[in-house]
Number of protein chains: 2
Amino acid sequence: MTGEQTRRRGAALEADILDAVWEELADVGYARLTMEGVAARARTGKQVLYRRWANRAELVKAALPHRTGFIVDQVPDTGELREDLLTLLRLMVERQRELGPDVIRGLLAEVTDLDPKVFGIMHDILLTLLQRAVKRGEIPTADLPRRAVTVPADLLRYEMVLSLDPVADATLVGIVDDVYLPLLAGHG
Amino acid sequence: MTGEQTRRRGAALEADILDAVWEELADVGYARLTMEGVAARARTGKQVLYRRWANRAELVKAALPHRTGFIVDQVPDTGELREDLLTLLRLMVERQRELGPDVIRGLLAEVTDLDPKVFGIMHDILLTLLQRAVKRGEIPTADLPRRAVTVPADLLRYEMVLSLDPVADATLVGIVDDVYLPLLAGHG
DNA sequence: CCCCTTAGAGACGCTGCGTCTCTTATTTCT
DNA sequence: AGAAATAAGAGACGCAGCGTCTCTAAGGGG
């Protein structure tokens with residue numbers, strides 16, 4: 001009647017749980033992810049989850065950074081603005097694909113406190129790309145209203161929210177070529 | 001032992017139910033709207049709801065046009081493009097406000113079949129505004145990529161999804177002045 | 001080596017979903 | 001008008017999943 005030899009604790013246990021969340025997301029998606037399911041997959045009890053997170057949304061929010069890297073650590077620098085932008089947007093799509101697209105919708109419905117920090121970071125990244133392009137002489141100025149700077153990220157997030165499939169690459173090209181680059185020209 | 005004298009049927013009953021949905025949305029919001037709650041408020045049984053709609057999302061989707069008018073019937077024509085655009089965006093915000101902002105997030109999470117028709121309509125409206133502006137000589141051309149045309153509506157919907165409050169008027173002004181008008185200039 | 005924290009296991013009550021059944025009011029058909 | 005068909009009103013039912021609670025025992029810290 002053994003059963004268990006060793007009992008996980010603290011950070012190690014927490015890592016296993018967050019892994020289980022990712023596997024559960026990949027398996028059944030966000031809509032059908034349950035606390036029971038995560039606990040079972042992590043071979044632990046619900047109480048262990050509730051000791052750490054108040055509900056499903058908090059649990060999933062905690063799981064996100066556990067596997068995805070931070071985009072801030074992968075800011076593209078290809079030597080050309082258009083390529084930089086496309087690379088950045090493709091990174092965002094890549095993260096959407098890893099998660100499964102219904103996670104975004106699901107979290108939006110349940111999370112009431114969206115962290116503005118997340119959005120500020122994207123502004124800073126885009127501004128960096130623009131300033132580099134100014135230095136290279138590609139565009140006249142990076143001195144744009146904040147809202148204009150973030151347009152490509154905003155439009156892409158909008159597409160992610162709408163679609164249940166990973167956003168198509170043609171859409172990214174459209175955002176850059178049909179909207180953002182002309183917008184930059186219009187501000188110049 | 002009377003209780004009931006008259007029994008509602010068909011369209012009259014349906015109208016009462018959809019009214020009840022709106023009242024329930026105003027009262028408790030989308031997240032806490034239940035089939036039981038709607039049935040009780042409409043003084044009928046759940047079965048009557050399920051006879052007509054398969055689930056909560058379908059029920060709410062059906063309720064939306066019951067009170068909101070169609071934006072297509074209120075296309076602004078102020079004689080100036082900027083004013084037309086702001087008026088249109090304000091109409092959209094007005095509808096968001098009537099609903100309560102969590103309805104958008106809630107429906108997104110549960111509805112898998114977004115109707116592309118809804119989005120095509122907004123493209124046509126914006127194109128109309130642009131073509132009028134061309135006729136007046138305000139802008140050189142309305143011949144833009146589809147994605148560029150819909151930018152203000154897309155950005156506003158993005159804001160609606162993000163925020164749990166009605167979108168501020170300053171945001172609308174920013175979308176028009178900082179993004180759309182420069183974008184049109186850049187395409188000219 | 002003892003104690004204290006907390007993992008593991010599962011029972012519990014509750015809410016809301018979606019289905020089903022039954023009676024009876026109202027409409028439609030003949 | 002009367003009979004048959006339709007659908008409303010009422011509520012019970014089983015089920016899933018939430019979040020809470022309790023209990024035992026493992027293993028780390030002093």
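Reminder, nothing fancy here: chain letters follow the sequence lines and each chain counts from 1.
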Distance test, side-chain N/O of A:R8 to OP1/OP2 of C:dG8, below 4.0 Å: yes
Distance-only donor-acceptor test, B:K46 side-chain atoms vs C:dG18 base atoms, 3.5 Å: yes
Distance, rounded to the nearest Å, where A:W53 contributes CH2 and D:dC18 contributes C1': 17 Å
Between C:dT19 (P) and B:L49 (CG): distance, integer Å: 12 Å
Under-4.0 Å side-chain N/O to phosphate OP1/OP2 contact, A:T6 with D:dG27: yes
Closest to side chain of B:L13, choosing from C:dG8, D:dG19, D:dA8: D:dA8
Nearest-nucleotide 5' precedence on DNA chain D, A:Q47 against A:G37: A:G37
Whether B:D102 side chain and B:G29 backbone form a donor-acceptor pair below 3.5 Å: no
Spacing between B:R7 atom CZ and C:dT23 atom P, to the nearest angstrom: 13 Å
Integer-rounded Å distance: D:dG17 P and A:Y50 OH: 12 Å
Earlier contact from the 5' end, DNA chain C, for B:N55 and A:A42: A:A42
For atom CZ of A:R9 and atom C1' of D:dG29, their distance in whole Å: 10 Å
Short side-chain to backbone donor-acceptor contact, A:Y158 and B:V161, under 3.5 Å: no
Length of the line joining A:E36:CD and D:dC15:P, which is rounded to integer Å: 16 Å
D:dA8 OP1/OP2 closer than 4.0 Å to side-chain N/O of B:R51: yes
B:E24 CD - C:dG16 C1' separation (whole Å): 13 Å
Donor-acceptor contact present, side-chain B:W53 to main-chain B:A62, <3.5 Å: no
Residue B:R32 excluded, over 12 heavy atoms near CZ under 6.0 Å: no
N/O (side chain, A:T44) to phosphate O (OP1/OP2, C:dA7) under 4.0 Å: no
A:E14 and A:R51 ion-paired at < 4.0 Å: no
Rounded distance (Å) that lies between atom P of C:dT15 and atom CE of A:M35: 20 Å
Sugar-phosphate only, base, or nothing, as touched by B:R52 at under 4.0 Å among non-hydrogen atoms: sugar-phosphate
